[in-house]
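Notes for the one structure printed next.
Numbers restart at 1 for each chain; the letters A, B, ... are given by sequence-line order, proteins then strands.
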Protein chains: 2
Amino acid sequence: MDHGSRGDREENDIEVEGGGHNGSFESERRKFVERMGSGTSEDHNLREPLLLKCRTNTTSQIAIVGANICPIESLDYEIVENELFKQDWRARRKVEIFQYVVLKWTLALLIGVLTGLAAVFCNFFVENIAGFKLLLINNLMLNDRHFMGFVANTSINLGLAILAAILCAYIAPAAAGSGIPEVKAYLNGIDAHSILAPSTLFVKIFGSIFGVAAGFVVGKEGPMVHTGACIANLLGQGGSKKYHLTWRWLRYFKNDRDRRDLITCGAAAGVAGAFRAPVGGVLFALEEAASWWRSALLWRTFFTTAVVAVVLRGFIEFCRSGRCGLFGQGGLIMFDVNSAKNSYSSADLLAVIFLGVIGGIFGSFYNYLVDKVHTDNADSETVKRGPIFKVLLVAAVSLLTSCCSYGLPWLSHCIPCPSYLEADRCPTVGRSGNYKNFQCPAGHYNDLASLFLNTNDDAIRNLFSSGTSKEFHLSTLLVFFVAIYCLGIITYGIAVPSGLFIPVILAGASYGRLVGNLLGALSDLDTGLFALLGAASFLGGTMRMTVSLCVILLELTNNLLMLPLVMLVLLISKTVADSFNQGVYDQIVKLKGLPYLEAHAEPYMKNLVASDVVSGPLITFSGVEKVGNIMHALHLTRHNGFPVIDEPPLTPAPELCGLVLRSHLLVLLKGKKFTKQKTMAGSDIMRRFKAHDFAKAGSGKGVKLEDLDIKEEEMEMFVDLHPITNTSPYTVVETMSLAKAAVLFRQLALRHLCVVPKTPGRPPIVGILTRHDFMPEHVLGLYPHVVNRHK
Amino acid sequence: MDHGSRGDREENDIEVEGGGHNGSFESERRKFVERMGSGTSEDHNLREPLLLKCRTNTTSQIAIVGANICPIESLDYEIVENELFKQDWRARRKVEIFQYVVLKWTLALLIGVLTGLAAVFCNFFVENIAGFKLLLINNLMLNDRHFMGFVANTSINLGLAILAAILCAYIAPAAAGSGIPEVKAYLNGIDAHSILAPSTLFVKIFGSIFGVAAGFVVGKEGPMVHTGACIANLLGQGGSKKYHLTWRWLRYFKNDRDRRDLITCGAAAGVAGAFRAPVGGVLFALEEAASWWRSALLWRTFFTTAVVAVVLRGFIEFCRSGRCGLFGQGGLIMFDVNSAKNSYSSADLLAVIFLGVIGGIFGSFYNYLVDKVHTDNADSETVKRGPIFKVLLVAAVSLLTSCCSYGLPWLSHCIPCPSYLEADRCPTVGRSGNYKNFQCPAGHYNDLASLFLNTNDDAIRNLFSSGTSKEFHLSTLLVFFVAIYCLGIITYGIAVPSGLFIPVILAGASYGRLVGNLLGALSDLDTGLFALLGAASFLGGTMRMTVSLCVILLELTNNLLMLPLVMLVLLISKTVADSFNQGVYDQIVKLKGLPYLEAHAEPYMKNLVASDVVSGPLITFSGVEKVGNIMHALHLTRHNGFPVIDEPPLTPAPELCGLVLRSHLLVLLKGKKFTKQKTMAGSDIMRRFKAHDFAKAGSGKGVKLEDLDIKEEEMEMFVDLHPITNTSPYTVVETMSLAKAAVLFRQLALRHLCVVPKTPGRPPIVGILTRHDFMPEHVLGLYPHVVNRHK
């Protein structure tokens, strides 16, 4: 991820900033304190930033959205919760709820249609561009113009690759890679910079088209998931202000919960679009993408994916008559694996178990290598060299890929065409087919060229084809497997949108076919089925999804009878791979430094209590606070939540009133409803603001600290914080086991958790726990011995 | 549900008892206080029962298991949490975790195999018994012995019905009805009496076989879900002590969380067994059955359902050679609905929308009627008349059903057989087929008899059959629809295991075919497809499931192309029906008086705070408490949790130490590690007990209060409660919004939530919130005005 400018960072909802910016931060603080004039007297409750300790995260600046979710069906819970708008809310409730429900379903429909169209668009262009390229090369080769073929292949690939890289490196660096880890992190509550921005959407679609057409060993499936999520985000934040596309009626969805729901739908729609698998899409969203799931979401997600399926089917119907240029049967992978066999012998099962174990090992090794390569790429050295270096790297990988795909087939021998095929099917004349002629004489084909000089989808289709056990040589499969395995790993790290599904399926299918050929004597299963099972074992070994992969494979191959074998392979390969390392998406999330909150607490957390990880002292506000103090605190820290404490004379003893959010404070200060005296002016403020003033703005669109223009005399005035205070924050007692506090924090999707003292006579709040306080790095940084104690 | 004996009630884990028992409760209390001798001096902290106020629930005695769940992967979290066994736990951790994982998967496999076998068993017997009956009647009718046919039909039905009713009324009353509401309630944390006991399992299987074979309009699908859950429970609690079937190695699963997971798997396996729909089973468990879902469960559930599918397939393969008597293609419904059409006209869509709207209305009316009938049946009047009345009611309904199924076909005219059919297919000679001869001359068939005098599965198959739009007359379909609709409603309330799926599918399919015939001029869709869509609309209107129904229907009909239409119908009918009333399972749960905890808080709860619903004063224990006080408290109340308060001189001021559970107290008291002085004797106690002593016993198997034999002098001794105290109970401040407290309670699946005071200088705990305090009846009983305030 890229380091944005100062302004960009402030636009986000930043809880912790990177340690590298301490310098500018400190100088700014000094400046501010000087401007304020009265240094020490103002400082009585503006102490050190709460989270200085946990600045371990230097790879990227990140923002925590978290979302204080409450499963109460409300339009904007966080606001309604405050006293300010209860009246307003109640009056408008019925009408708005109806509007809201209608809009919710309209949005689900829109996400489905747009994601479906995006999938159609992608497939159409990829098939046409890649198809033209392959047709040209095939024609050149048929005419024995071998060198021209090489030049054409390499130059077209290079051109497309550089185009993709330029888009990716200069316009939206966040669009590089699969996108699934980012979507997963977003749904966990991590709103990384511009990860779902309109520019990212644009680059993701076009970069993916160019990247796949350029012959890279990348898929368009992961990017499609990211695309779906971007579309959902664009709709959810009411369009894009920057590009003058906004819809007023989308204002209801300007809160974290609704946005999260929409993006879950978007991710499911992406999978459905990529694989034409509506049920698989829903299960993917449930199993892999979402961190919090509500049963209401199930139906909405399914509706979205069904819409996608309908759109895709309409498109394929439309194209069947040849109106889509070179877009043939291909593009949307839909494989025909045939297994008429209903029963398996024990030899078959042994072969499948063997396949699963080795596939799991290869899969986890793939993860290990991707992690290594990616670490090098995300290196600070590499980042410093700037975008031009990224483009050059892409060009180098493109050249390597072109050389492999054109050079390696020369190693293969020519095979005579099978006698049962007509002359127009072997060697292949059109752009795709099982039997590429390449350098061979007429009536012969080059089996390695049939895999390399095809689109990835067609290569998978060739590998999965049944009843063709003699079509590919053992050596061919071995060469192809090794080449794809290595190219896939190298390619993932570079600056093009690159899905992982296709490389893994390709490598797995060639591995499976290889094993199938080797074990042909032992087992009666079709080599095409072996290829499918090999792909399943690799997918299980890398991605560690289970049910969703199973259902996606079923929907892809449209064959329910293979369910038991696919399940067996997935179960084995996942179990084997889990004993080595994590799933590839989890690895990438970790690598990018995103503070992903696991569903379960770590065992060593049982040995700690909540107050152990609280890092004080903290900044608190009084119920009616001086404007200057608030401004000071906002300048000084990047905290997103501040506790509000009622003090005498309002209450007999200091009491925790609640929590105010930074974004609400900024809106309140901008309204300038200040008073000269320290009095409660809540009703005045309630008249000044409407509920939607406090609604969560899209990223980069809220009130910023720089927007405030507070005059010197206003600094000395007071503002009543009670109307915007959330008076029911979740709290834990300081002696609460950290593990249980973590469970509370995760299950309720909290952003702030107040820690209150156990014994009386102390200040009413001990500290605030945020996401970073539960990160293993933070906890183990404070208590390195705690893990050993546990062992 | 039945009112168990006193002893039965105590065996459960009762939080609140029915108000009707106040008399005996009071007299017992008096007796106890007299026996204790020193009335007042003992009473200093044994005040009034905490929950006297919320005794509104009189329909059944219920037990709250809830389960204090923590997503930390541990064998027995609740125990490990206590200081007592941390040492023990750590030492044994690695070995046990491995054993645990292996066992977990073994259990999933076992549940799958056993549920699959149960499904096979059920189907085999139903098909054979009902097949024999139908064959007999068909033969009698073919020979024109009409009266004998009537006698045979009625008497066989009556015999089977009485058999089923006797089993159900005398052995396991809990086995009556569908069972899905009970499973749903169990997974929500409500362990009603003997709902998953071995006797229930036995009656559910045999009662279901006899009931379905007796020709009732009931299904075996709901009972199959209950059967799966019973099997899972039996395995999960380590077998049945009562029937001397126990396995020591199942001791790891003696905790609420693991048991809940297993029963979720069991419910999914039941659906998979009933419909041969592995993916549908998983989605059913996710959407309808489970209240809490962990993503780890997805894979395990899917594994279980796949095992069920494999077992069923093996059985069908085995029976294909005719080795299973009359078990033919039928039994396990698998319909062949054909819709080669890929595109729909707008007239088709309008017809489908119309179908959905009317289907939704009929569906919600069905719920309304089921509710009415069921309320009458669950009436205290009816219950008082005893089991013999239940049997008589069943006999009456059986007679009515027999009269309908045999009498109504006489209303229908004879139809000449279609010319394209061979003579041996029309009229039907064997037991099942589309063309029953009944009273007609040769070469003719009675269409109403083809529906009535068939098993329910075959009738559905006939209605779904495609390309046969003229097969059934309009009047036939109308008569059949009305009869099935009414019989279905009457039958659900009686004392036989009765699934709701089949009646609803039957009524819906005949309704759909009726509409299809009426709209035949407008729409080109097949009438078989209309029947399927009608069934979908009724299912959506009554059960309100969506994705799972959709997938089950897809897997049943094995036709992915109908997905958009099925979804459209489900969406419409669910939406329409939701505007009238709740889903049928939710209604039944409510009717049975089970305190079901909704996933969302009610809107009016926002206007209340936690302390508003706390009903004090409460019973607390000191950290080292006098045995007599504990005995007194245990006798006096049925609370499951007691707060423990450390008082001076242990601490400077009174402090909340934590919470002890009744079951742990009983185990501790039974161990008799008492001291003469008020001293901490924790280490002594730690040596006396092992972790598994405190593991949750199966229902009715824990230590009971009567088992304790505390001598007079021991009453004056002290016992240290610290080792068994959960020192990290979840707490809320008394001013916490009730809505947010409810969310916390529900999301974390708590059983007790401690309310602590906000201001200092008061006792350290204000009260304990339990499930009943969040029930709308309780809250609205205390604050009837709060709903109006909200409007």
Side-chain angles (χ1 to χ4, degrees), chain A residues 70-73 80-81 90 278-279 282-283 286-287 293-295 298-299 302-303 306 309-310 313 317 342-343 546-547 550-551 555 558 560 563-564 567 571 599-601 603 606 652-653 655-656 727-728 730-733 735-737 739-740 743-744 746-748 756 758-761 790-791, chain B residues 70-74 80-81 90 278-279 282-283 286-287 293-295 298-299 302-303 306 309-310 313 317 342-343 546-547 550-551 555 558 560 563-564 567 571 599-601 603 606 652-653 655-656 727-728 730-733 735-737 739-740 743-744 746-748 756 758-761 790:
Chain A
C70 172
I72 294 172
E73 200 64 46
V80 175
E81 193 166 50
R90 258 177 236 145
V279 182
V282 173
L283 288 172
L286 170 63
E287 190 181 5
W293 188 262
R294 302 181 303 128
S295 79
L298 193 66
W299 185 218
F302 194 32
F303 175 71
V310 170
R313 213 168 86 194
E317 287 291 314
N342 273 330
S343 56
T546 52
V547 183
C550 207
V551 172
E555 289 188 285
N558 206 6
L560 258 173
L563 181 63
M567 282 199 63
L571 183 65
H600 56 90
K606 282 186 192 173
E655 246 177 40
L656 177 65
T727 52
S728 288
Y730 284 104
T731 56
V732 290
V733 182
T735 54
M736 167 71 97
S737 137
K740 293 183 89 171
V743 169
L744 172 65
R746 172 60 165 72
Q747 294 290 90
L748 301 187
V756 295
K758 180 161 192 166
T759 46
H790 177 77
K791 268 182 190 156
Chain B
C70 173
I72 294 172
E73 201 64 47
S74 73
V80 175
E81 192 165 51
R90 259 178 235 145
V279 182
V282 173
L283 287 172
L286 170 64
E287 189 181 4
W293 189 262
R294 301 182 303 128
S295 79
L298 193 67
W299 184 220
F302 194 34
F303 176 71
V310 170
R313 212 167 89 195
E317 286 290 313
N342 271 331
S343 56
T546 53
V547 183
C550 209
V551 172
E555 288 189 285
N558 207 6
L560 259 174
L563 180 64
M567 281 198 64
L571 182 65
H600 56 89
K606 284 188 193 174
E655 248 178 39
L656 177 65
T727 52
S728 288
Y730 285 104
T731 57
V732 290
V733 181
T735 55
M736 167 71 97
S737 137
K740 293 183 87 170
V743 169
L744 172 65
R746 172 60 164 72
Q747 294 290 91
L748 300 186
V756 295
K758 181 161 190 166
T759 47
H790 177 76

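- Contacts with chain A were tallied for B:L286, B:L571, B:V551, B:V732; B:L571 has the most, counting heavy-atom pairs under 4.5 Å.
- Inter-residue side-chain proximity for A:V743 and B:L748 is flagged as met; some heavy-atom pair is nearer than 4.5 Å.
- For chain A, the nearby part of B:V310 is the side chain; its heavy atoms alone come within less than 4.5 Å.
- The minimum heavy-atom distance linking A:F303 with B:M567 is given by the pair CA-CE, 3.5 Å.
- Separation of atoms SG (B:C550) and CG (A:L298) is listed at 10.5 Å; rounding is to 0.5 Å.
- In this view, B:E287 and B:T546, B:S548 satisfy the side chain to side chain donor-acceptor pair (under 3.5 Å) rule, not counting sequence neighbours.
- For the pair B:L283 and A:L283, the minimum side-chain heavy-atom distance is below 4.5 Å.
- Closest non-hydrogen pair, B:S737 versus A:S728, comes out as N-OG, 2.8 Å.
- The two atoms that bring A:Y730 and B:M736 nearest to each other are CD2-CE, 3.4 Å, heavy atoms only.
- The side-chain contact (heavy atoms from CB on, under 4.5 Å) check on B:T731 picks up A:V733, B:L656, B:C754, B:V756, with sequence neighbours excluded.
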